[in-house]
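All figures in this text were calculated on a predicted structure; none of them were measured in a lab. Here is how names work: the chains are called A, B, and so on, in the same order as the sequence lines, proteins then strands, and each is numbered from 1.
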Protein chains: 2
Amino acid sequence: MSGLRERKKEATRAALSWAAVRLTVERGLSAVKVEDIAAAVGVSPRTYNNYFSSKAEAIAFRYLERSLRLAAELRHGPPGEPLWEAITRAALRQLEPGPEVERMPPQEPDEWAAGVRVMLAEPALEAEMLRASKIAEKELAAAIADRTGTDPGSDLYPRLVAASVMAANNVALELFVQGGTGEPMEVLLPRTLRMVAAGLPTP
Amino acid sequence: MSGLRERKKEATRAALSWAAVRLTVERGLSAVKVEDIAAAVGVSPRTYNNYFSSKAEAIAFRYLERSLRLAAELRHGPPGEPLWEAITRAALRQLEPGPEVERMPPQEPDEWAAGVRVMLAEPALEAEMLRASKIAEKELAAAIADRTGTDPGSDLYPRLVAASVMAANNVALELFVQGGTGEPMEVLLPRTLRMVAAGLPTP
DNA sequence: CGCAAATATACGCGCCACGCAACTTTCCCT
DNA sequence: AGGGAAAGTTGCGTGGCGCGTATATTTGCG
């Protein structure tokens, strides 16, 4: 599992993904060629395609990884904890910056945030992010099914909870990057989760 | 709005979309070239690209249209109706086959259903369907905001409700096409909607 | 009936996903 | 430790696709 091979592979994948994000934020998606991303990491363009089958997939990979951590956290928590508390804790935990952030200190936070907004507006990106969401949702449904003793193949409950959690997550994230209110994710996310957990009666 | 021009355009778009679906169900996505779709409708390949920028988009268009009807139904219903009743009614209304179905009588329902399953398994398709979902979700959020007097730009409520409704819709649809239980959409959908509306406590 | 605008088509270019066949690196077993 | 198997990397080549541009054709409107 943690042989030299696997670790090197993951390092290359992360490097490619990160390079793709950085270049896209700097120049815009269409101005970045696959060749550029590969060159930035020091591999051949062909190798790039062994890791990611499109530019969008490389960029969305970072989001996918973070989303998958939600399900992983849920599995590794204390089994006795009430479901929704465990979910909220796992969701908050996923917000903590991973070890990859320290590699790229954002020197110009404002400019970078603007670039990210432009990046997320790309339709191709949007589709790939949603796909990542759905992959994570499947993992999450499996984890919830484990916890609640339901069957993800035939029961509605785990799927619905997983879908609702991702919905809450995405709504909070949207509102955050859109920056309407200045509230941080640590505030928005628990609020949306509480709302979907409690139900959504007309206010 | 309903000039000859517009209607012809919509007819061409629908024909292209439908041809794309039919050919894909018959042969599989990669075996269908854009040229084939254009030829089946009788327009040039370049014209095809004026309507849809990818094969996936053409296929997902039918799903998009149906999903958008949900928001439209919600707007055209009686304004006094309680929100969740209106939503449920609109969601069920959207299931009724549109006028386009009568044009293509499915001669072999079983074979066709199998083809649809294969089609939906394509990753590129999945991404496009999700994108369509999100477009519809935005419309739905706007409609809900109208009804409840909230602001879709800054309030969590309409976005969360819209996201939850689409989540319920998609979960029901997944379970239906996957065919685990033999229950029809008319049963699954109200159930998932009731669940997300009432909240999702641990069972 | 004729002009303006919108749409369809023809041509062409550059990018990109991917199969194939060598070559190199890592792993595992004795 | 060492050697063969397995996995990863790379170069080459190909076909399809997204799209810009220019031109022809059709529709809408006065």
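Under the 3.5 Å distance criterion, with hydrogens and angles disregarded, no donor-acceptor pair is assigned to the side chains of A/Ser17 and A/Tyr51.
To the nearest angstrom, P of C/dC18 lies 11 Å from OH of A/Tyr48. To the nearest angstrom, P of C/dA17 lies 15 Å from CG of B/Leu29. Protein atom CD of A/Glu128 is 14 Å distant from nucleotide atom C1' of C/dA17, rounded to whole Å. The nearest whole Å value for the distance from the CZ atom in B/Arg13 to the P atom in C/dA8 is 9 Å. Summarising the geometry, the separation between CG on A/Asn50 and P on C/dT24 is reported as 17 Å, rounded to the nearest angstrom. With rounding to whole Å, B/Lys9 atom NZ is found 17 Å from C/dA5 atom P. Residue B/Glu10 contributes atom CD, which lies 16 Å from atom P of D/dT27 at whole-angstrom precision.
What you find for B/Pro158 and B/Pro152 is that their closest heavy atoms are CG-CA, 4.0 Å.
Note on A/Tyr51: only backbone sugar-phosphate atoms sit closer than 4.0 angstrom, heavy atoms only; bases stay farther off.
A salt bridge links A/Glu183 with A/Arg191: at least one charged nitrogen is closer than 4.0 Å to a carboxylate oxygen. Under a 4.0 Å N-O distance rule, the pair B/Arg22/B/Glu26 qualifies as a salt bridge. Looking at A/Glu126 and B/Lys134, a side-chain N of the basic residue comes within less than 4.0 Å of a carboxylate O on the acidic one, giving a salt bridge.
Within the structure, every pair that satisfies the salt bridge (Lys or Arg N to Asp or Glu O under 4.0 Å) test and touches residues 143-155 of chain A, not counting sequence neighbours, is listed here: A/Arg75-A/Asp146.
Contact check, B/Thr47 against C/dT9: a side-chain N or O comes under 4.0 Å of OP1 or OP2.
Of the candidate nucleotides D/dG11, C/dT26, C/dT9, C/dT26 has the atom lying nearest to any side-chain atom of A/Lys8.
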Check: What is the per-nucleotide protein-contact pattern of nucleotides 11-16 of chain C, from the 5' end, where B denotes a base atom under 4.0 Å from a protein heavy atom, S denotes such proximity for sugar-phosphate atoms only, and - denotes neither?
Finding: B---SS
